[in-house]
Amino acid sequence: MSKEIVAMLTGTGHAVPERVLTNRQLAEMVDTSDEWIRTRTGIVERHIADDNKGTSDYAALAAKEALEEANLAPEELDLILLGTVTPDMYFPSAACFLQNKIGAVNAAALDISAACSGFLYGLTLAEGMIAAGKYKNILVIGAELLSRVTDWTDRATCVLFGDGAGAAVLQPSDGERGIIGSYIKSDGRLWQLLNMPGGGSLLPPAKAAEDPAPFHIKMEGREVFRHAVTLMGESAVHVMKAAGITGEDLDLFIPHQANLRIIQAIAKRLNIPDKKVYVNLDKYGNTSAASIPIALNEARKNGRIKPGNLILTAAFGAGFTWSSVLFRM
Ligand code: ACO
C-alpha cells in the first residue's frame with residue numbers, strides 16, 4: 001500500500017423513511033409473492049418516503065448525523081457532492097436544497113448523476129479535490145427516492161427498490177486512515193439496459209399527461225445482472241491490485257445492495273468469505289446511490305466496522321457506471 005493517503009472519512013450518517021412496505025403488502029398490489037422476492041433478490045422489506053418529503057429532506061438528516069460525528073459545523077463545509085437520480089426538482093440541484101436545509105452557507109453544492117454509483121463517484125471526486133489542495137471539508141451523500149419513479153404495476157421492477165439517504169464527511173487524512181484506492185468508470189453504450197426515458201429534454205415532463213409509461217424505471221433485469229457481476233468485480237479487482245491486497249486482507253466488503261445473488265457471485269469471484277460481506281438489502285431493498293453509505297453507517301454504528309478496519313466498497317448502476325473505493329476507517 002504505497003499510495004499516499006490524503007483524505008479520510010471523519011463522520012457518517014444515514015436516514016430512511018419510517019414507512020415500511022413488506023413483500024407481503026406488495027403481493028397484494030401486484031402478482032408476486034414473498035417467496036419469489038426473497039429467493040430471487042434477498043429483499044424482505046423496503047422504506048417508502050412520505051408524500052410531502054423530497055430527496056433532500058432525508059439527505060439533510062443523514063448529513064446532520066455525519067457532521068455531528070465529524071464535529072464540523074455546516075458553515076465549515078467547502079463542498080457538497082450529492083449522488084442522486086431522483087433530485088427534488090429538475091433544477092436547482094438537490095445538493096442546493098440540502099445546503100439550504102443544513103445551513104452550509106459557505107459551500108459549493110452540486111448533484112452527481114451516476115445512479116447507484118453516485119456515492120462512490122462522490123468519494124472519488126472529493127478525494128481528488130482534497131489531494132489538489134482545493135477543499136478541506138467535503139460532504140458526500142447518496143440519496144434517492146426511487147419510489148417516485150417506480151411503476152407500481154410492474155412486478156419485475158417494483159419489488160426491487162426503496163428510499164433512503166447516507167452521508168460521509170471527507171477531510172484531510174492523518175496519514176494512516178482514509179482512501180487507499182478508488183476507481184470510477186462508465187460505458188454509455190449500455191444505457192438502454194436501465195433508464196427512465198421520460199422527464200428530460202428528449203421527453204419533457206409536459207408529455208407525461210399523454211403517456212405516463214416512460215416516466216418510470218425501465219430495466220432489462222437479466223442483462224443488468226450479468227453486467228453487474230462482471231463490472232463490480234472488475235472495479236474491485238482494480239483497486240485491490242493497485243493496493244497490493246487480496247480479499248483475505250479485508251475486514252469488510254460493502255457492495256451495492258441490489259440483489260443478494262449478485263453480491264454472492266461477486267464475493268465468490270473476489271475470494272471474500274461470507275462473514276466479511278455486509279448485507280442489509282433485506283431491510284431496505286435497492287436504494288441506489290444511498291445503499292453503500294447507509295450500509296457503511298449502519299455497520300459502523302452496530303460494531304461491524306471498527307476504527308482502523310480495511311473496507312472495500314463497489315457499486316454499479318445505470319449509465320452504465322461502476323466504481324470501487326478502498327479505505328481504512
Ligand atoms: N414476482 C413473481 N414473478 C416475477 C416477478 C415478481 N416480482 N418479476 C418477474 N417475474 C417472473 C417473470 O415474469 C418471469 O416469468 P416467465 O418465466 O414466466 O417469463 C420469471 O419471473 C423470471 O424472470 P426473470 O426476469 O428472468 O428473473 P430473474 O431471475 O432474472 O430475476 C431480477 C429478476 C430479480 C430483476 C434479476 O434479474 C435482477 O436482480 N437483475 C438485476 C437488477 C438490478 O440489480 N438492478 C439494479 C438497478 S441499479 C440502478 O441503477 C437503479
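In this text the structure is predicted, and so the values were computed from the model without any measurement. When reading the values below, keep in mind they use all heavy atoms of this one structure, side chains included, and skip hydrogens, waters and symmetry mates.
- A distance-only check finds a donor-acceptor pair linking the side chain of Asp111 to the backbone of Ala94 [under 3.5 Å].
- Each of Thr287, Asp282, Leu281, Asn286 was compared with Tyr284 under the side chain to side chain contact (heavy atoms under 4.5 Å, CB included) criterion, and only Thr287 meets it.
- Counting heavy atoms from C-beta on, the side chains of Phe161 and Val149 never come closer than 4.5 Å.
- Summarising the geometry of Ile263 relative to Val279, their closest heavy-atom pair is CG2-CG2, 4.2 Å, with the distance given to 0.1 Å.
- Closest non-hydrogen pair, Thr84 versus Pro87, comes out as OG1-N, 3.8 Å.
- Heavy-atom minimum distance, Met329 versus Ile305: CG-CG2, 3.8 Å.
- A salt bridge is absent between Asp78 and Lys136: the closest approach of a Lys/Arg side-chain nitrogen to an acidic carboxylate oxygen does not fall below 4.0 angstrom.
- Connection of Trp191 to Ile184 is not established within any shared hydrophobic cluster, with ILVMFWY side chains joined at heavy-atom distances below 4.5 Å, either directly or through further cluster members.
- Inter-residue side-chain proximity for Ile311 and Leu326 is flagged as unmet; no heavy-atom pair is nearer than 4.5 Å.
- In the model, Asn297 has a side-chain atom that pairs as donor or acceptor with a side-chain atom of His14 under 3.5 Å.
- Side-chain atoms of Thr41 and Leu160, non-hydrogen and from C-beta on, do get closer than 4.5 Å to each other.
- The existence of a salt bridge linking Lys301 and Glu65 is confirmed by a sub-4.0 Å separation between a basic side-chain nitrogen and an acidic carboxylate oxygen.
- A donor-acceptor pair shorter than 3.5 Å can be found between the side chains of Asn137 and Gln171.
- Leu139 pairs in a side chain to side chain contact (heavy atoms under 4.5 Å, CB included) with only one of the listed residues (Ile102, Leu82, Leu81), which is Ile102.
- A ring-centre distance under 6.0 Å is found for His256 and Phe316.
- Around CG of Asp50, the count of heavy atoms belonging to other residues, nucleotides or ligands within 6.0 Å exceeds 12.
- Each of Val159 and Val44 belongs to its own hydrophobic cluster when Ile, Leu, Val, Met, Phe, Trp and Tyr are linked at side-chain heavy-atom distances under 4.5 angstrom.
- Between Leu312 and Ala236, the shortest heavy-atom contact is CD2-CB, 3.9 Å.
- Grouping the Ile, Leu, Val, Met, Phe, Trp and Tyr side chains by contacts below 4.5 angstrom, directly or via other members, places Met196 with Ile48.
- One N or O on the side chain of Asp249 and one on the backbone of Thr246 form a donor-acceptor pair closer than 3.5 Å.
- When hydrophobic residues (I, L, V, M, F, W, Y) are linked wherever their side-chain heavy atoms come within less than 4.5 Å, Val30 remains an isolated member.
- The neighbour count for Asp211 CG, taken as heavy atoms of other residues, nucleotides or ligands under 6.0 Å away, is above 12.
- Between the side chain of Glu144 and the backbone N or O of Ala290 there is no donor-acceptor pair closer than 3.5 Å.
- With Ser291 contributing its side chain and Gln257 its backbone, the two residues share a donor-acceptor pair below 3.5 Å.
- Judged by distance alone, the side chain of Ser323 and the main-chain N or O of Tyr183 form a donor-acceptor pair under 3.5 Å.
- In this structure, Leu79 CG and Lys134 NZ are separated by 10.0 Å, a value rounded to the nearest 0.5 Å.
- Taking every heavy atom of both residues into account, Leu146 and Ser288 meet most closely at CD1-CB, 3.6 Å.
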What do the steps show when you test Glu234 against Arg269 for salt bridge (Lys or Arg N to Asp or Glu O under 4.0 Å), and what is the final call? CA-CA 10 Å; Glu234 178 210 296; Arg269 183 173 289 194; over 6 Å; no

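- Using a cutoff of 4.0 Å between basic side-chain nitrogens and carboxylate oxygens, Glu69 and Arg300 are scored as salt-bridged.
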Going through the distances and angles, do Ile5 and Ile179 end up as a side-chain contact (heavy atoms from CB on, under 4.5 Å)? CA-CA 6 Å; Ile5 302 176; Ile179 295 180; 5.6 Å; no

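- A donor-acceptor contact closer than 3.5 angstrom links the side chains of Thr22 and Gln25.
- Using a 4.5 Å cut-off on side-chain heavy atoms (C-beta onward), Ile180 and Phe327 make no contact.
- With hydrogens and angles left out, the side-chain atoms of Ser117 and Thr321 include a donor and acceptor closer than 3.5 Å.
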Residue pair Arg40, Arg261: steps toward the side-chain contact (heavy atoms from CB on, under 4.5 Å) verdict: CA-CA 7 Å; Arg40 298 287 176 123; Arg261 291 185 294 144; 4.1 Å; yes

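- Considering CG of Leu98 and CG of Leu61, their distance stands at 10.0 Å, rounded to 0.5 Å.
- With rounding to the nearest 0.5 angstrom, the CZ atom of Phe320 is 8.5 Å from the CD atom of Glu223.
- Ile292 and Met232 sit in two unconnected hydrophobic clusters of ILVMFWY residues. Membership requires side-chain heavy atoms under 4.5 Å apart, directly or through other members.
- Distance CZ/Arg148 to OG1/Thr55: 7.5 Å, rounded to 0.5 Å.
- Glu76 places a side-chain N or O within 3.5 Å of a backbone atom of Ala73 that can act as its donor or acceptor partner.
- Val325 and Met8 fall into different hydrophobic clusters, where Ile, Leu, Val, Met, Phe, Trp and Tyr are joined by side-chain heavy atoms under 4.5 Å apart, directly or via other members.
- When side chains are defined from C-beta on, Lys283 counts as touching Glu298, because their heavy atoms get closer than 4.5 Å.
- Although no hydrogens or angles enter the test, the distance criterion places no donor-acceptor pair under 3.5 Å between the side chain of Lys218 and the main chain of Gln192.
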The test is side-chain contact (heavy atoms from CB on, under 4.5 Å); show your working for Thr313 and Phe253 and say whether it passes. CA-CA 6 Å; Thr313 58; Phe253 175 45; over 6 Å; no

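- With respect to the salt-bridge test (charged N to carboxylate O, under 4.0 angstrom), the residues Lys101 and Asp57 qualify.
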Give the intermediate values and the outcome of side-chain contact (heavy atoms from CB on, under 4.5 Å) for residues Ile262 and Leu260. CA-CA 5 Å; Ile262 294 177; Leu260 185 59; over 6 Å; no

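- With hydrogens and angles disregarded, a donor-acceptor distance shorter than 3.5 Å links the side chain of Ser173 to the backbone of Gly175.
- Expressed to the nearest 0.5 Å, how far CZ of Phe91 lies from SG of Cys96 amounts to 12.0 Å.
- Atom CD of Gln264 is separated from atom CG of Asn259 by 8.5 Å, given to the nearest 0.5 angstrom.
- Side-chain atoms of Arg328 and Asn309, non-hydrogen and from C-beta on, never get closer than 4.5 Å to each other.
- No more than 12 heavy atoms of other residues, nucleotides or ligands sit less than 6.0 Å from atom CG of Asp51.
- In summary, Arg38 and Glu35 do not engage in a salt bridge, as defined by a charged side-chain N under 4.0 Å from a carboxylate O.
- The closest side-chain heavy-atom distance from Leu9 to Val169 is not below 4.5 Å.
- Side chains of Ile294 and Val16 form a contact here, defined as non-hydrogen atoms less than 4.5 Å apart.
- Nearest heavy-atom pair, Asp88 versus Ser56, reported as atom, atom and distance to 0.1 Å: OD2-OG, 2.6 Å.
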